[in-house]
Amino acid sequence: MAAADDDVERQQLHPEPQAAEAEKPRPVVQRGGLHPVFYILAWIFFSNLTILFNKWMIDGRGFKYPVILTCWHLIFATVATQILARTTHLLDGRKNVKMTGRIYLRAIVPIGLLYSASLVCSNMVYLYLSVAFIQMLKAAAPVAVLLTAWAWGVEEPSLKRFLNILFIVAGVGLASLGEINFSMAGFLFQVGGIVFEAMRLIMIQVLLSGEDMKMDPLVSLYYYAPVCAVMNVIVAIGSEANRFDFADLGRAGLGLLVLNAMVAFMLNVSSVFLIGKTSGLVMTLTGILKNILLVIISVMIWNTNITPIQFVGYAIATAGLAYYSLGWEQTVAISVGVWVYTKSLWERVAGSYSPLSQGEGAGQEAGRLPAAVKRALIMGLVVVTVVVLVAGFLYGSGGPVAPPSAGKDVVEIGQGA
């Protein structure tokens, strides 16, 4: 499901406006545990694998029941969080949340309903659009968040931010115009998912803004999953239950459905550790990097055609998103750091590296990237390789899984476009 991934990604990529702009990376302190890079790579891995796995289950294995699939994920998450709450310390954060029956009905239930609607829309879109194009459309998420914040009076409108979101919209618009297999139904489902998610995030900010109501992704899932599961059961009964074929369940495989739900749930677990081990800046950069990698990986797996107009549009939207999330000063500092690090690495490889003078060394030190960011960029290739291998194994070993009615739109990995 786009479920867990969208929840984590949008909270990290699109925090409260300008929250990441003034933030400086926290120094990494090692206390005998795993290095923060491990948690960064784990989140990128499970995030991308969740999306690819969902697309494959719906479009490749012929399990064309996105609402039922979302419902299954939420039931699994409900059971898993209850077990973890009783057997581990991962959900100890819920003890700091002052939850009452009144708050649950007035805040958790409506937010959970919006969350459920967002999940359904996010999974429905896999029936109509490619993964690459879906990620391009997701670049418009901060636009919906900001406009919703203005409508609710949470943020004051400003011309600077308005021009920034117009820049992002222009990029997404170009990417949409360049899409060869454009589907209006899929486009509307994706826009619906983005809007529902934006409303959910703003409602969280309005209704659960106190210090005693802050929840990490896993604790949020602990409270929201039961509400969403009930909601999705009702929606599934009215939309997909009457056409559900148990033969499709057999084709998809019970084992793969369990594995699919486990991967989606592990995304929530990895996000908790990511938030605890890194800064907001690193999470923002990691999220942007993850989206770019996912577009590249999906193009490689599905042989998706990316037109020049789409490439330019996505580049514009990504640049606007980076500026929106980081601000000008952080963007310049990181760009300088990347340039200095790349230059010094190239000099070492070329054998022409020489010790810098003290003044130059001080300048280089000032332009360096945070250690966690640097290692994440270097090891990004490892994540791409692992995800491609895992996805290639899943798709290549599936055999003829698409039902005859699926038509030519379903492409089996390993067999070409």
(Q) Measuring only between side-chain heavy atoms, which start at C-beta, is Met215 closer than 4.5 Å to Tyr224? (A) yes
Q | Worked check of side chain to side chain contact (heavy atoms under 4.5 Å, CB included) between Val143 and Tyr324 | A | CA-CA 10 Å; Val143 177; Tyr324 175 89; over 6 Å; no
Q: Using modelled atom types only, decide if a donor and an acceptor are shared between the side chain of Gln135 and the backbone of Val295 within a distance under 3.5 Å.
A: no
Q. Out of curiosity, Trp43 CH2 to Asn268 CG, how far, rounded to the nearest 0.5 Å?
A. 11.5 Å
Q.
With side chain to side chain contact (heavy atoms under 4.5 Å, CB included) as the criterion, how do Lys138 and Asn291 come out once you've worked through the C-alpha distance, each side chain's angles and the decisive distance to 0.1 Å?
A. CA-CA 9 Å; Lys138 283 183 179 180; Asn291 280 346; 5.6 Å; no
Q) So, are Asp59 and Lys64 salt-bridged, with charged N and O less than 4.0 Å apart? A) yes
Q: Locate the shortest heavy-atom distance separating Leu218 from Leu91; write the atom from each residue and the value.
A: O-CD2, 3.5 Å
Q) Does the side chain of Leu294 reach to within under 4.5 Å of the side chain of Leu52, using non-hydrogen atoms? A) yes
Q | Check: Pro110 and Met203 side chains under 4.5 Å, non-hydrogen atoms | A | yes
Q) Okay, side chain of Trp72, backbone of Leu257: is any donor-acceptor separation there less than 3.5 Å? A) yes
Q.
Less than 4.5 Å apart, side chain to side chain, heavy atoms only: is that true for Gln190 and Phe187?
A. no
Q) Under 6.0 Å between the ring centres of Phe244 and Phe246? A) yes
Q. How about Trp150 and Glu156: do any of their side-chain heavy atoms sit closer than 4.5 Å?
A. no
(Q) Please check: side-chain N/O of Thr87 versus main-chain N/O of Ile83, any donor-acceptor pairing under 3.5 Å? (A) yes
Q.
So for atom CZ, which belongs to Phe273, do other residues, nucleotides or ligands contribute more than 12 heavy atoms lying within a distance under 6.0 Å?
A. no
Q | Short side-chain to backbone donor-acceptor contact, Arg161 and Pro157, under 3.5 Å | A | no
Q. For the side chain of Arg251 and the backbone of Phe63, is there at least one donor-acceptor N/O pair under 3.5 Å apart?
A. no
Q: Answer yes or no: is there a donor N or O on one side and an acceptor on the other, between the side chain of Ser116 and the main chain of Leu113, under 3.5 Å?
A: no
**Q.** Ser130 side chain vs Thr304 backbone, donor-acceptor pair below 3.5 Å
**A.** no
Q: Can you see which heavy atom on Val125 is nearest to which on Gly186, and at what distance?
A: CG2-O, 3.2 Å
Q. If only atom types and distance count, is the side chain of Thr318 paired as donor or acceptor with the main-chain N or O of Ala315 below 3.5 Å?
A. no
Q. What's the spacing between Thr100 OG1 and Ile103 CD1 if we round to 0.5 Å?
A. 3.5 Å
Q. For the residue pair Leu221 and Pro226, what are the closest heavy atoms and their distance?
A. O-CD, 4.2 Å
Q) Quick one: are Asn305 and Asn181 in side-chain contact, heavy atoms under 4.5 Å? A) no
Q: For residues Leu137 and Leu129, determine if any side-chain heavy atom of one lies less than 4.5 Å from a side-chain heavy atom of the other.
A: yes
Q: Verify the distance criterion only: is there a donor paired with an acceptor across the side chains of His73 and Asn232 at less than 3.5 Å?
A: no
Q) Looking at CD1 of Ile51 and OG of Ser298, how far apart are the two atoms once the value is rounded to the nearest 0.5 Å? A) 9.5 Å
**Q.** Separation of Ile111 CD1 from Tyr104 OH (nearest 0.5 Å)
**A.** 11.0 Å
Q: Would you mind reporting whether Pro66 and Glu240 have side-chain heavy atoms less than 4.5 Å apart?
A: yes
Q. Would you say the side-chain atoms of Lys55 pair up with the backbone N or O of Tyr126, donor to acceptor, closer than 3.5 Å?
A. yes
**Q.** Heavy atoms from other residues, nucleotides or ligands near CZ of Arg102 exceed 12 (cutoff 6.0 Å)
**A.** no
Q: Determine, stepwise, if the pair Tyr222 / Gln82 fulfils side chain to side chain contact (heavy atoms under 4.5 Å, CB included).
A: CA-CA 7 Å; Tyr222 174 84; Gln82 293 295 327; 3.5 Å; yes
(Q) Between Thr50 (side chain only) and Phe46 (backbone N and O only), is there a donor and an acceptor less than 3.5 Å apart? (A) yes
Q: Write down the atom of Ile108, the atom of Tyr223, and the distance for their closest heavy-atom approach.
A: CG2-O, 3.7 Å
Q | Nearest heavy-atom neighbours spanning Ile168 and Ala139 | A | CG2-O, 3.3 Å
Q: Just do the side chain to side chain contact (heavy atoms under 4.5 Å, CB included) check on Leu119 and Asn123 with the steps written out, would you?
A: CA-CA 6 Å; Leu119 302 187; Asn123 270 356; 5.9 Å; no
Q: Work out which heavy atom in Ala140 is nearest to a heavy atom in Ile194; give both atom names and the distance.
A: O-CG2, 4.5 Å
(Q) As an exercise, state the distance from CD1 of Ile44 to CG of Leu267, rounded to the nearest 0.5 Å. (A) 11.5 Å
Q.
Just by distance, no angles: are the side chains of Tyr65 and Asp248 close enough, under 3.5 Å, to form a donor-acceptor pair?
A. yes
Q.
How long is the straight-line distance from CG of Leu174 back to CD of Gln310, given to the nearest 0.5 Å?
A. 10.0 Å
